[in-house]
Amino acid sequence: MKLNSLPVAATFLLASLGPTAAAEFQFWYGNTGAAETAIQNACAAFNDSQTEHKITCVGQGSYDTAMQKAIAAVRAKQHPVLIQFFDAGTLDLMLSGAVEPVAQALPDVDWSNYVTGAKSYYETSKGQLYSQPYNASTVVFYGNKEVMAKGGIDAPPQTYEALVEALRKLKTAGVECPYVTDGHPWRVLEQVAARHGAPIASRSNGYDGLDAEYQINQGLPAQHLTNLAAWHDEGLVKLDPETRAGTFSDAFNAGECAFMEASTANYSAAYKALGDKVLVGMAPVYEGTERKNTFVGGGSLWIMKGHDPEAVAAAGEFLNFVRQPEQQINLIREAAFVPVTNDVMTVMRDQNLLTDPAFGSIEAGMESLNQPGNENSRGIRLGFYVQFRDIFKEETQRAFSGEQTMQAALDNAKTRGDELLRRFQQTYSGVELP
Amino acid sequence: MPPSFAGRWTPFWLSLPMLLIVALFFYIPVYLSFWWSFTLERPFGGGSEFVGFQNYARVLSDPIFWDAAWRTLVFMVFGSTLAIIVPLILALAADRMVPLSHTARNVLIWPKGIAGASIGVVFAFIFNPFVGIMAPLNGLFPGLWNPGSDGTDAFIMLLIAHVWNGIPFNFVILLAGLQAVPRSLTQAAAIDGASPWRRIRDVQLPMIAPQLFLTFVLEFTESVVSAFALIDTMTQGGPGGATRLLVYKIYQDGFKGYDLSGAATQSAILMVFVLCLAAFQFLYLEKKVRYER
């Protein structure tokens, strides 16, 4: 295969050949930037580590694009054996009939070694794991020591009550952007609800059946989002377009803002920009809350049906390879993801890596993932969920800009979201949720 | 006179490649789109349920669809009108040989070479509330302009980018029309004492009616779909759905939301709408255009 020196040509050729040959197989992923480099390094390391199999890793540009191309490829029966999908697509894939559960394809693996908050997102209510958690992250709390000092604050607050007090102090001290968020539901809804153990939908966030209904307009999620809107009106919370940098993470990294709730993976860019001014802790909860675990976001690896056993076995080899602690540590080092298996934390502790500032977000992230859980902190299993995220953003944007109250926004989002769920249920009528 | 092809089938064979391409990229997708609009289609395939007109009932009773349709209409009317009036003024000026009109004729064509997506990226920067041209105004009146959080601002930004994008083509067409108006007519009008305005209104505009009609037809049908690249790069339909035109909603529903049936239904509705629009323009408006001089 001389064409391998031309990755693009190789991609086209392999794609046109359909299912890949036994020893050679393709893997599609959606990441860009540091994460893409880390994934390509893992692929190269796998190819160097043995001679039997050869993996070709193809970047698709974004999670969304990767999903779109996978849908098209599956419909045309041209899909690769291994694909990375993002968290929000989990239910669509589980019901697609196009995937083989990893627990079934690789029965010899000790799946109980996986971190609970990572595993629960991708397993059925009966405990069968569908995909292998790979590049995982969770929400943690970031503070900029230098900006915080302007308001006389030395540690990131643990509760929202303390946070608001701190934000008011910062505002009085002339800090224009005390706290910044983009209002993405992963950060302001899903993870907040999870760590308070509150549901965003009935039937345990959809794990127990396709007849779930949204519950975001009541209880803790509604309370928190109403607070967020009030803090925004007060000038304590800034949104993406209100920052000079344009996005919340850029604004934080540029030193505009004192605090943000963001993915552990944001750490690598934040540390590069701000050095040891970055403080990381678990994201706040409201006073009197018994803290529950946050769950993962990011990507997991799915084995696709329609390939011969040799290709599936080769893909299994790759899954085993990236599960090894040293491979996970490489991924964590290069792109600030969190460990997905428990043994990695032991190895990192033994090697004294956790004190290394390059791994600054790992401890807070792991602590957050390893909190005790309940039925609402397992994950989200709701149909057309990607579309719901857009609806949520749209309605809450209207609330933040003052066109409607936050309660009205959440009521609307619930109504529109429930309509999606009913249509999803009808689209998959006769299919049982595994 | 009978056709002078060697065989009966020669014309067919000659046009076959083009027919195949049109079938592959237009008729088959259109057919599938109509078919999917009557089913509930699973994203990964493997099952689709025939539901009759349920998708149409759902889409037509969805206030979000009508909201997007209304925004599409507003965009079409304002965007197209401005995208014809602005080049028309420029063309009239260039035709009157105002100073620098030769240079202007050249420079005004250049934007044609820029893809919609690139225009979107550039305009998003130009209209950035902190570093763009509105930044000084924002300094005087904080919060006056922010297309990232104010829907009206975002819509205006989209309109400006669209109009700018439409200038070169319409300018060329209209200028060519104006140049073809016999000088003797305007000269005769001038001798009769008609002012420049009067000459534009009573001589030049009626004479370029065919060109105006052409730009009008193309602009109205194009504005429905061509805004996609601008929306995708500048606003992604936001904030709060303020710039979500139908064409972008279809993309969002189908590609980001995996609602293939809903997206297909809306495509079908949009297609019928554009066809009706074009039919109205040709069957009704064209009768009012005189091509002979």
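Note: hydrogens, waters and symmetry copies are ignored here, and every other heavy atom, side chains too, is used. So you know, we letter chains A, B, ... as the sequences are listed, proteins then strands, and number each from 1.
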Neighbour count >12 (heavy atoms, 6.0 Å) for atom [atom1], [X]:
X	atom1	value
Phe50(B)	CZ	yes
Trp35(B)	CH2	no
Phe78(B)	CZ	no
Arg422(A)	CZ	yes
Glu419(A)	CD	yes

Structural part of Gln54(B) lying under 4.5 Å from a heavy atom of chain A | side chain
Counting only heavy atoms closer than 4.5 Å, note whether Asp259(B) contacts chain A via side chain, backbone, both or neither.
->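 Its backbone and side chain both get close to chain A.
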So, taking the atom named [atom1] in [X] and the one named [atom2] in [Y], what distance separates them when rounded to the nearest 0.5 Å?
X	Y	atom1	atom2	result
Gln426(A)	Arg58(B)	CD	CZ	9.0 Å
Lys256(B)	Gln68(A)	NZ	CD	8.0 Å
Leu260(B)	Thr427(A)	CG	OG1	9.5 Å
Phe255(B)	Met67(A)	CZ	CE	13.5 Å

Flag the one option from Val386(A), Leu239(A), Asp390(A) with the top tally of heavy-atom pairs under 4.5 Å to chain B.
->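 Among Val386(A), Leu239(A), Asp390(A), the one with the most close pairs to chain B is Val386(A).
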Of Ser429(A), Ala72(A), Ser401(A), Gly402(A), the largest count of non-hydrogen pairs under 4.5 angstrom with chain B goes to Ser429(A)
Applying a strict 4.5 Å limit to non-hydrogen atoms, the region of Tyr428(A) in contact with chain B is both
When the 4.5 angstrom heavy-atom criterion is applied to Arg416(A) and chain B, the contacting part is side chain
For side chain to side chain contact (heavy atoms under 4.5 Å, CB included), just list the numbers for Glu41(B) and Arg75(A), CA-CA rounded to whole Å, side-chain angles, deciding distance to a tenth of an Å, and then say yes or no.
-> CA-CA 12 Å; Glu41(B) 181 75 21; Arg75(A) 297 184 75 97; 2.4 Å; yes
Top contributor to chain A contacts, counting heavy-atom pairs under 4.5 Å, from [options]:
options	answer
Ile64(B), Asp150(B), Asn128(B)	Ile64(B)
Pro43(B), Gly241(B), Ser149(B)	Pro43(B)
Ser261(B), Gly257(B), Gly148(B)	Gly257(B)
Val131(B), Leu40(B), Asp62(B)	Leu40(B)

Please examine the side chains of Leu95(A) and Arg42(B), heavy atoms only from C-beta on, and report whether any two atoms are closer than 4.5 Å.
->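 No, too far: nothing below the 4.5 Å cut-off.
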Is the closest side-chain heavy-atom distance between Phe44(B) and Leu93(A) below 4.5 Å?
->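 Yes, close enough: below the 4.5 Å cut-off.
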Taking all atoms of both residues into account, what is the closest heavy-atom pair of Pro241(A) and Pro129(B), and its distance?
->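 Looks like O-CG, 4.4 Å.
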Taking every non-hydrogen atom, the tightest pair across Tyr258(B) and Phe384(A) | O-CE2, 3.5 Å
Test log, rule side chain to side chain contact (heavy atoms under 4.5 Å, CB included), inputs Glu394(A) and Arg244(B) = CA-CA 10 Å; Glu394(A) 182 197 323; Arg244(B) 183 185 41 207; 2.4 Å; yes
Can you tell me if Asn146(B) and Glu242(A) form a side-chain donor-acceptor pair at under 3.5 Å?
-> no
Mind checking which of residues 14-28 of chain B sit less than 4.5 Å from chain A, heavy atom to heavy atom?
->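 When heavy atoms of chain A are the reference, residues 14-28 of chain B contributes no residue within the under-4.5 Å range.
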